[in-house]
Amino acid sequence: MPDAAWRRKFQRQILAWYAGAARDLPWRANRDPYRIWISEIMLQQTQVATVRGYFQRFVAAFPTVADLAAAEEAEVLRLWEGLGYYRRARQLHAAAQKIVAEHEGRFPRDFDQVLALPGIGRYTAGAICSIAYDAAAPILEANTIRLHARLLAYREDPTKTAGQRLLWSFAEHVLPDSDISSFNQALMELGSEICTPRNPQCEACPVATLCGARRQQAVAEIPAPKKKMKYEDRLEVAIVVRRKKEVLLRQCGPEERWAGLWDFPRFHVASEADLLSGELASQFHARTGLSAAIGSRLTTIKHGVTRYRITLHCHEAEGASGRLRKDETAPLVWASVDKLHDFALSTTGRKIARLLAK
DNA sequence: AATCCGGGGAG
DNA sequence: CTCCCAGGATT
């Protein structure tokens, strides 16, 4: 670990640089812990450019913890539509209700109480408490993992347990006595804007002279590349069942992907042949209670969900008849095509909905 | 320690 | 195409 002199120079350089480089982001307008919390949850595994618009709409709809707690979960999910990792939205909502129930509706000040809220781990608790309250809490996330790994010339995979232990320790060790809020944000800003994954701008870096990777001319090799994800190809089919101006939607159950969101009835099939074999129609009947033939293809959408590369064929159902099956955990409803914007849909569901509206 | 969870930006 | 992103929860 670096000594006190190194630390002081590091802190001074970081803070001086940030004073002139801080971007004007919506969640930096004030230090309201509620807004900072919302931004931190949205920013989990999601880029700043993507979050901007969502953040503005979300805090406009729910300006306070109490507003969020009082909202319907469906409305929260609707505002989250397209952001992904929908568990974040449900946990955000649950946390707001917990704050109302246990903290009189005021966002807690104590680190451990913040950490105890659903959806908040060590990073997010540290970020909120340092940014909003100037608490002496370290942070470690994508930007600072890369930044610190380079500063320390750490050549192992910094996302593994040993690397995490080292980098959390470093993050705590370099924390200044004051201005923690600016300091932590500055570290992330530096990682995001200067110490980038590819082609970092070391010439513009305020701590280049303190950087181990730079000294070893190993900036391009650090951090070590993560092991490549192996993707599994998957074939799925979405069925569009029309009834006059309505279409059949299904709400995803709590145990499945996109829990709480609505989608067109969707099936995993082994091969293209299953579309014709009657196997799909049989599954469709078991799921919905309706009898129908698989009709013409409307479109094909390719997308990825974690380790799956999904090819989604979207087909019309023809001659649907029968009575809808009752399903408590995954309700089926007939939705007016003109009212599909009132439902929180998965991104693929929204693409299909847009197709039907034409 | 591994795995799951989404979607999009950017090269 | 591939890599990556202000991670957390679960197993």
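Any value given below was found using the heavy atoms of this structure, including those in side chains, with hydrogens, waters and symmetry copies removed.
Atom CD1 in I301(A) sits roughly 15 Å away from atom C1' in dG8(B) (whole-Å rounding). Rounded to whole Å, the distance from CZ on R198(A) to P on dG9(B) is 16 Å. For the pair K351(A) NZ and dG8(B) P, the computed distance is 6 Å after rounding to whole Å. Protein atom CG of L312(A) is 16 Å distant from nucleotide atom P of dG6(B), rounded to whole Å. Distance, L345(A) CG to dG7(B) C1': 15 Å, rounded to whole Å. The CZ atom of R257(A) sits 11 Å away from the C1' atom of dC4(B) (whole-angstrom rounding). Going from atom NE2 of H303(A) over to atom P of dG6(B) covers 11 Å, rounded to whole Å. Atom P of nucleotide dC4(C) and atom CD1 of I145(A) are separated by 12 Å, given to the nearest angstrom.
Contacts of R155(A) classified as side chain to side chain donor-acceptor pair (under 3.5 Å), with partners at least two apart in sequence or in another chain: Q216(A). Shown here are the side chain to side chain donor-acceptor pair (under 3.5 Å) partners of T64(A), two or more places apart in sequence or in another chain: D67(A). Remark: R325(A) pairs with D327(A) by the salt bridge (Lys or Arg N to Asp or Glu O under 4.0 Å) rule, at least two apart or across chains. With sequence neighbours left out, R78(A) forms a salt bridge (Lys or Arg N to Asp or Glu O under 4.0 Å) with E75(A).
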For a quick test of your reading: what N or O donor-acceptor pairs under 3.5 Å do the side chains of residues 45-57 of chain A make, sequence neighbours left out?
{"residue": "T46(A)", "atom": "OG1", "partner": "M42(A)", "partner atom": "O", "Å": "3.3"}
{"residue": "T46(A)", "atom": "OG1", "partner": "Q44(A)", "partner atom": "O", "Å": "2.9"}
{"residue": "T46(A)", "atom": "OG1", "partner": "R88(A)", "partner atom": "NH1", "Å": "3.1"}
{"residue": "T46(A)", "atom": "OG1", "partner": "R88(A)", "partner atom": "NH2", "Å": "3.4"}
{"residue": "Y54(A)", "atom": "OH", "partner": "E81(A)", "partner atom": "O", "Å": "2.7"}

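Between W27(A) and W37(A) there is no side-chain heavy-atom pair separated by less than 4.5 Å.
Between W80(A) and dC5(B) there is no side-chain polar atom (N or O) within less than 4.0 angstrom of OP1 or OP2.
dG8(C) and dG8(B) have their P atoms separated by 23 Å, given to the nearest Å. The gap from the P atom of dG6(B) to that of dT10(C) amounts to 14 Å, rounded to the nearest Å.
Among the atoms of the strands shown, base atoms are found under 4.0 Å from some heavy atom of T306(A). Among the heavy atoms of the strands lying under 4.0 Å from K160(A) are primed sugar atoms or P, OP1, OP2 only; no base atom is included.
Residues K227(A) and T50(A) each lie close to DNA chain B; by heavy-atom proximity, the contact nearer the 5' end of the strand is made by K227(A). Mapping E255(A) and A162(A) onto DNA chain B by nearest heavy atom places A162(A) closer to the 5' end of the strand.
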Using a 4.0 Å cut-off on protein heavy atoms (strictly under), produce a 5'-to-3' string for nucleotides 6-11 of chain C with B for base contact, S for backbone-only sugar-phosphate contact, and - for none. BBBS--
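For the side chain to side chain contact (heavy atoms under 4.5 Å, CB included) with F267(A), the qualifying choice from I239(A), L275(A), D274(A) is I239(A), the only one to do so.
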